[in-house]
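Each residue takes its place number in the sequence, starting with 1. Remember, it's 1-based here, ligands and their atoms both numbered in the order they're listed.
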Amino acid sequence: MSAPPKPIRRLLSARLAPAGVLSLVMGLGIACLILQSVVHLWSSHEHALEEAADSLSGLSATLASRLDATLRPIDACTRSTRQSLQGVGPVLPRLADRTDHSLSLQEWARTGLAQCVASFDELADMMVTDAKGEPLVRVRGEAVGQAVGEVLRKLGESPDDVLWFSGVLMTRDQPMLVAALPVRAADGEVIAQVAAVIRLDRVAGLFEAVRPADGSVIALRRSDDTRLLVRVPPQEGTLDRGVAYRLADELRAGSRKGLLPELRSPVDGVTRVTAYHRLETYPFYVAASRSRAEILDRWLWHAMADSGINILLIAMLSFGAHALGRRERNFRALFDAVSDFLFVLDDQGRVIHFNRSARHRLGMRASTLLQQPFASLLDDADAGVLERAAALAQDTGCPCALKSDHDEMLPVELRLMAGKWNGLPARFVLCRDVSELMQQQKLLEREVERYQLALERTRDGIFLMRLNGDLIEYNSAFRDMLGYSDEEMLRLNVTDWDARFPPEELRRIVGAGGADHLLIESRHRRRDGSEFDVEIGACGVAWSGEKFRFGTVRDISGRKRAEARLRLYSEAFHHAAEGIAITTPDGTVQEVNDALCEIMGYRRAELIGRNDRLFSAEDTSDARFAEIIRTLHRHGFWRDQIMVRHRDGRRYPQQLTLSVVRDEAGKVTHHVALFSDISSLKENERALQDLANTDSLTGLPNRALLATRLAAAMAEARQRGRALALAYLDLDGFKAVNDRHGHAMGDRLLVSMASRLAQVLRQGDTLARLGGDEFVILLPDQAKQADILHVLERVLAEASRPFLIDDILLQVSASIGVSLFPQDEVEDAEGLLAGADQAMYRAKRSGKNRLVFLDRGGQMRDPEGG
Ligand SMILES: Nc1nc2c(ncn2[C@@H]2O[C@H](COP(=O)(O)OP(=O)(O)OP(=O)(O)O)[C@@H](O)[C@H]2O)c(=O)[nH]1
């Protein structure tokens, strides 16, 4: 046996609630009622039509039968009259004669006819006419007779022996029907006619009498040409007129009776249910009909009345079903609207229902979860959670985890309640998804951790105090700043550590408690009594209805020291004797001090923004400048003496020291240029140099300077292939001057001698005093010895020329030894000077006041002595 289809299994497993069953039953009841109503309406509709048809059929049959019964005796009467007349056939033509015989015959005929007329109320008259319709005998009025006669004349001969009927004949406004039979002679010739005039109004009266008062129509028509003989109710202009309609076709086809449920009348256009019935013997049919609309109107009225109760019942049931359905839907909506997961467990702990949240969030399907133990949703570790939850209060959640369809564990808080489900004991499990809560809690914990870490790692102190100044929270930086232990910290009041403000002032500041941010500088006192500068940022905070002061404390001792240092540097900068300029690395001046303004002759504003190459009076090439910058950046400083140009055009030496300022990354951010005025230094240097190189008495170059110049001259001579001469000159008889006139007079003679000898020499020659009365003459670039000799002889002459000093005539002479360069044996200045010295001694020994040459071969030669 195959299992029921899945939807049915699901329906069965869903275990509908009683309200659901009731709703279903009500729904089915409503459906049945509606079906029943429709069937009833349909059957009553058909019944109404059938009933009308039956009634009409009966009526038409009855009337047809009745007419048959009416016409049949008239027919018989007519026939018996004809028979009688045929018996007197040969005399019939004389009936019109006024003979006695004929009169009695007339009377006889009339009597027979009159009996017939008297017997049948429907008969208006009866008559006998001749073959051409001329009345021979008649029972009643002239007018009727004439009219009938006219009809009969039109008839001509009747073809057979049957009763012949005319059309409707209006006589005295009364519709009549003539029925006639021919009277034939023995040879068959028609010799007379027997006619009965039938009152159609009597037939109409009959119809009217039996016609139901429901608007039905009864008509009598001829069955051969459908001409209308009688119609109730009557309708003008329709009498004696035929119609073309379906009924006529049926009659022509030989039908004797029938029912047409929908026959549209060609007379008045109304669709009717029509029953017809042909007369047995005579060419007429009776049609009884009733308007369909009228029949259905009545049916509708009855149907509405019948259906009203059903509708009311349906409405009541619908309302009840809707109310139940709404209750059910509300319950389900409520059940499903709960964002928590709801499970209904049976007494075995199996899931018998669960809500939409559980279905969506856990991804569970009814087919997989229903009838499964709730424990299958739990991890092994949570196996006893239902028992634990049962032991807890209803509003206390029991943490556990539910498996989703992906076998992920979803953390939930489980609550358990006992109750009834579909009338059976059940347990309701409510699980709240706490995954997001746990995630938020974790985030919060991490956040708190981060803040705590930040609070602990910050170098600023952080505190929270009551408005009376009692410390209640702090970080380790604040504790370390003050140097107290944690235990001691919580006993502190702001007045214990603040060293700047008096206690009253402190209480006012802290106790203000507003939310305004406060930024003040103060001094804090450590536990050991030492103090330090702090900057405090504080504001009022409210927490659990209480106000506090929250603040940060920054130790600004270092900053204070730096500020003091900066002030000092600023002072030093602005009041330094040296000119200082601070420039960007590309040389744009950013700051200068007063001293530099003075050195350069510019106002500060004129220097700011200019390039520092403005300061140099020298045309420093780009390459040179780049070299300076490279050196500066490589070593951190560069120092040299440069010439600066004052605004007024003066040039003077300055010692320029450049140094660099780097940022923390080591990048050069600024250059600092320090200008030291070295004019006086230069002068001193020059003076010292002069002192070192000149003879103090005569101002002539001394031995040192001579040595320098000699070495330079020798080098140049060597380089150019030139010659030079060095003359060593020692005065003759100078001691005697000293001895005779004093040392001072000797000095004056030496000075005068120096001046006089200098005048003999060319520019480029050097006259130096070695000390005492010894002089040296350096004659560089001497190509010819004759020229040397010429100069030195003039020297000799000038040296021996007397001096008049303070009216004292003084005279000395000079012995000169000359050494020439280049020489084979002499390489340096010392050697050359020694050679000249030797030659000078030679001159002394040779009698003084003379020249002795030490030639290139190292031989002494007295030019005068040959
Ligand atoms: N006035 C003066 N005398 C000096 C100075 N230096 C040395 N003398 C003297 O100069 C004299 C030089 O001595 P000599 O060269 O021997 O004297 P002289 O008389 O020239 O002898 P001869 O050279 O041999 O001709 C000494 O008496 C020194 O005391 C000086 O700076 N000033």
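- Separating the CG atom in L658 from the NE2 atom in H671 is a distance of 7.5 Å, to the nearest 0.5 Å.
- Considering backbone and side-chain atoms alike, G733 places an N or O below 3.5 Å from some N or O of ligand 1.
- The aromatic ring centres of F463 and F478 sit less than 6.0 Å apart.
- Considering only non-hydrogen atoms, atom 31 (O) of ligand 1 lies nearest to R769 out of R845, R769, M745, K735.
- With respect to the salt-bridge test (charged N to carboxylate O, under 4.0 angstrom), the residues D732 and K844 qualify.
- Between H743, E774, R748, it is H743 that holds the heavy atom closest to atom 5 (C) of ligand 1.
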| request: Please step through salt bridge (charged side-chain N to carboxylate O under 4.0 Å, His left out) for the pair E683 and R686, ending with a clear verdict. | output: CA-CA 5 Å; E683 280 172 21; R686 206 177 303 119; 5.4 Å; no
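- For ligand 1, the polar-atom distance check against L731 finds a nitrogen or oxygen pair separated by under 3.5 Å.
- For the pair D806 and R748, the salt-bridge criterion is met [side-chain N within less than 4.0 Å of a carboxylate O].
- One side chain, S530 or R526, offers a donor N or O that lies under 3.5 Å from an acceptor on the other.
- Protein heavy atom closest to atom 6 (N) of ligand 1, with residue, atom name and distance, is G772 CA, 3.3 Å.
- Here's the thing with D739: none of its N/O atoms is less than 3.5 angstrom from an N/O atom of ligand 1.
- Closest to atom 32 (N) of ligand 1, if we only count protein heavy atoms, is D747 OD1, 2.8 Å.
- When only modelled atom types and interatomic distance are considered, N702 and T694 share no side-chain donor-acceptor pair under 3.5 Å.
- Less than 4.0 angstrom separates some heavy atom of G746 from each of these atoms of ligand 1: 1 (N).
- Using a 4.0 Å cut-off between heavy atoms, L749 makes no contact with ligand 1 at all.
- Inspection of the H670 and Q590 side chains reveals an N or O donor paired with an N or O acceptor under 3.5 Å.
- Protein heavy atom in closest approach to atom 9 (C) of ligand 1: N738 ND2, 3.1 Å.
- Closest to atom 25 (O) of ligand 1 among all protein heavy atoms lies K848 NZ, 2.8 Å.
- Regarding atom 15 (O) of ligand 1, its nearest protein heavy-atom neighbour is D773 OD2, 3.2 Å.
- With D533 as reference, R523 is the one residue of R523, K560, R525 to meet the salt bridge (Lys or Arg N to Asp or Glu O under 4.0 Å) rule.
- Residue K844 has at least one heavy-atom neighbour below 4.0 Å for each of these atoms of ligand 1: 22 (P), 23 (O), 25 (O).
- Of all atoms in ligand 1, listed by their number and element, those nearer than 4.0 Å to a heavy atom of D732 are 20 (O), 25 (O).
- Note that CZ of F821 is 13.5 Å distant from CG of L833, once rounded to the nearest 0.5 Å.
- At a 3.5 angstrom cut-off on N or O pairs, F734 counts as close to ligand 1.
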